[in-house]
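These numbers come from a predicted model, not from an experiment. For this chain, numbers begin at 1 and follow the sequence in order. Each ligand, and each atom within it, is numbered from 1 in the order the structure gives.
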Amino acid sequence: MPHVITQACCGDASCVYACPVNCIHPTPDEPDFGLSEMLYIDPSTCVDCGACVSACPVSAIVPGHRLSDEAARFADVNAGHYPEPGPDTARFPVRADWRLPMAPISKPKRLRGATPDELKIAIIGSGPSAMYAADELLKHDQVRITVYERLTQPFGLAHFGVAPDHESTRTIANLFDEVARNPNIRILLNTEVGKDVSLDWIRQTHHAVLWAGGAPTDRPLQIPGIDRTGVQSATSVVGWYNGHPDFALSTPDLGTERAVVIGNGNVALDVARIFTADPERLEHTSIDRTALTALRGSSIREVLVVARRGPEHAAFTLPELIGLVDGPAHVWVDPAELEGVTSEGIEDTTVAAKVDLLLELSRRPKPDEPFIRLSFGYTPQEVLGDDRATGVRFVKTGTDEELVIDAGLVLTAIGYRGRPVPGLPFDDAKGTIANVEGRIVDGDTPLPGLYVTGWIKRGPSGFIGTNKTDSGETVQHLLSDAEAGALPTPKTSPVHS
Ligand SMILES: Cc1cc2nc3c(=O)[nH]c(=O)nc-3n(C[C@H](O)[C@H](O)[C@H](O)COP(=O)(O)OP(=O)(O)OC[C@H]3O[C@@H](n4cnc5c(N)ncnc54)[C@H](O)[C@@H]3O)c2cc1C
């Protein structure tokens with residue numbers, strides 16, 4: 001029975017390199033790697049060796065015969081990614097260079113050329129992109145890293161973003177802990193660059209600075225009434241239930257029967273799931289205890305997740321939808337909203353599978369327990385109310401037909417955006433630090449010793465593992481600049497002893 005990748009896939013691609021028969025795709029070298037909703041095992045090529053299981057940092061790979069009921073659909077999802085095997089089917093070549101994975105004895109490599117004996121690198125932020133960059137840099141024995149992290153806990157959104165009930169995804173922290181144990185890296189927590197220490201000083205004391213500060217702000221929704229009490233961003237709610245210190249006071253008003261979430265990406269689903277979950281189930285997760293107490297007293301019966309466009313344009317990923325449909329959450333779609341909708345003729349198999357699942361949900365009875373309702377094709381016009389929100393007025397997208405939904409809590413979840421960093425050039429259109437493949441640029445000119453990675457380099461997209469390839473690209477340029485003697489020499493005495 002072949003192995004199967006399940007929803008906890010972080011896209012890290014360690015499994016791809018461990019696989020002896022090249023049956024896991026897309027690989028980081030394939031064009032759809034950054035766009036794919038997860039990685040997939042080809043069941044007709046998998047030899048069931050289990051090498052990928054040991055390599056996966058979040059325990060997302062399971063032998064087919066051990067799939068839980070909740071994850072059973074992933075067998076079809078993995079298989080559905082590949083054409084039916086047949087004599088004319090072009091298969092991916094088996095890798096000739098493969099050997100059994102051994103204990104990871106990674107001998108540090110020595111950088112050549114003009115690299116100094118101690119190459120001092122500062123990384124700003126300790127999220128996934130920072131930790132993947134550090135992992136790659138530490139393969140070279142001249143490298144000394146200081147990580148500056150403004151919070152008192154490391155690992156960015158891997159700690160403060162990933163939902164508490166996505167327990168296996170959160171185990172990525174074990175991998176980052178391992179990186180942090182290397183004697184050539186130190187992590188300074190509670191140290192904000194730009195406040196506790198200046199970027200200028202860091203530049204003066206290191207050969208290179210790698211900015212990995214993430215994209216921490218919400219894309220704003222600009223409609224009348226958005227400033228009313230009872231309206232807040234999904235980001236603030238995620239921070240609140242994950243114990244992020246910036247959002248300790250962002251307690252949502254749970255004394256209402258209905259909450260509306262505007263936007264339907266994975267973050268919208270995370271929040272809707274947590275709001276409707278049985279608190280007893282959350283008890284055993286890492287959820288913030290104050291948030292859990294508040295959720296125990298919640299009056300919310302329905303979380304309405306509303307998208308502007310139709311089901312074939314749903315922003316959430318297929319693995320997240322499967323987790324919702326087959327997991328403990330109660331989910332419903334009003335059949336009237338899907339009248340005439342079919343997956344027939346949709347060429348993209350992932351989109352077709354999402355539409356089929358939504359149709360399946362529309363055939364379920366409306367739940368009696370607190371539930372999530374997925375709604376499509378409504379554009380928000382105004383948050384209604386006086387001093388506080390009482391509902392949202394929508395129009396059916398592309399028409400004048402109005403719909404008013406009563407709700408005492410309105411959450412916006414339409415995406416994230418990077419913030420400018422004083423002293424670094426910013427690309428306002430993209431919401432990123434201006435860069436070419438991770439080298440920070442002013443116009444077309446690279447700024448010596450300045451690099452960027454992660455969400456603030458490419459924008460807020462992809463999975464935790466997407467940052468690995470992204471950071472690999474930046475690190476490659478940083479190291480080749482070191483070997484070419486293109487890095488500035490620190491002016492003050494070394495900081496790393
Ligand atoms: C709500 C949510 C849920 C998610 N769930 C999943 C999931 O289940 N699975 C998955 O694969 N991906 C998930 N993701 C995506 C994943 O979290 C991101 O791809 C990843 O965290 C981006 O990494 P990053 O290092 O660029 O940024 P971040 O993770 O945001 O890290 C940035 C770090 O920089 C620090 N920092 C910022 N400015 C400064 C400064 N001036 N000085 C010092 N430190 C600073 C911040 O405190 C933070 O720790 C989720 C994202 C969100 C928002």
Near [X], which atoms of ligand 1 are under 4.0 Å from a heavy atom of that residue?
X	answer
Gly454	26 (O)
His166	8 (O)
Gly127	25 (O), 29 (O), 31 (O), 33 (C)
Leu151	47 (O)
Ile124	40 (C), 42 (N), 43 (C)
Gly156	29 (O), 31 (O), 48 (C), 49 (O)

Check whether any protein heavy atom sits under 4.0 Å from atom 14 (N) of ligand 1. no
Can any side-chain N or O of [X] pair as donor or acceptor with the backbone N or O of [Y] at less than 3.5 Å?
X	Y	value
Ser126	Phe155	yes
Glu30	Asp32	no
Tyr40	Gly80	no
His206	Ile202	yes

From the options Arg150, Lys457, Glu192, select the one whose nearest heavy atom is closest to atom 45 (C) of ligand 1. Arg150
Under 3.5 Å between any N/O of [X] and any N/O of ligand 1: does that happen in this structure?
X	result
Glu149	yes
Glu320	no
Ser129	yes

Less than 4.0 Å is my threshold; does some heavy atom of [X] fall inside it relative to ligand 1?
X	answer
Ala212	yes
Thr191	yes
Trp211	yes
Tyr416	yes

Give the residue and atom name of whichever protein heavy atom lies nearest to [atom], and the separation in Å to one decimal.
atom	answer
atom 26 (O) of ligand 1	Trp455 N, 2.9 Å
atom 37 (C) of ligand 1	Gly213 O, 3.2 Å
atom 17 (O) of ligand 1	Leu157 CB, 3.3 Å
atom 23 (O) of ligand 1	Pro128 CD, 3.5 Å
atom 41 (N) of ligand 1	Val193 O, 3.0 Å

Could you tell me whether [X] approaches ligand 1 through its side chain, its backbone, both or neither, with non-hydrogen atoms closer than 4.0 Å?
X	result
Ile464	both
Val162	both
Phe463	both
Asp270	side chain

Roughly how far, to the nearest 0.5 Å, is CG of Asp288 from NE2 of His244? 12.5 Å
Arg417 and salt bridge (charged side-chain N to carboxylate O under 4.0 Å, His left out): which partner among Asp427, Asp428, Asp218? Asp428
Would you please indicate yes or no on a ring centroid separation below 6.0 angstrom for Trp211 and Tyr451?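 No; Trp211 has its ring centre 6.0 Å or more from that of Tyr451.
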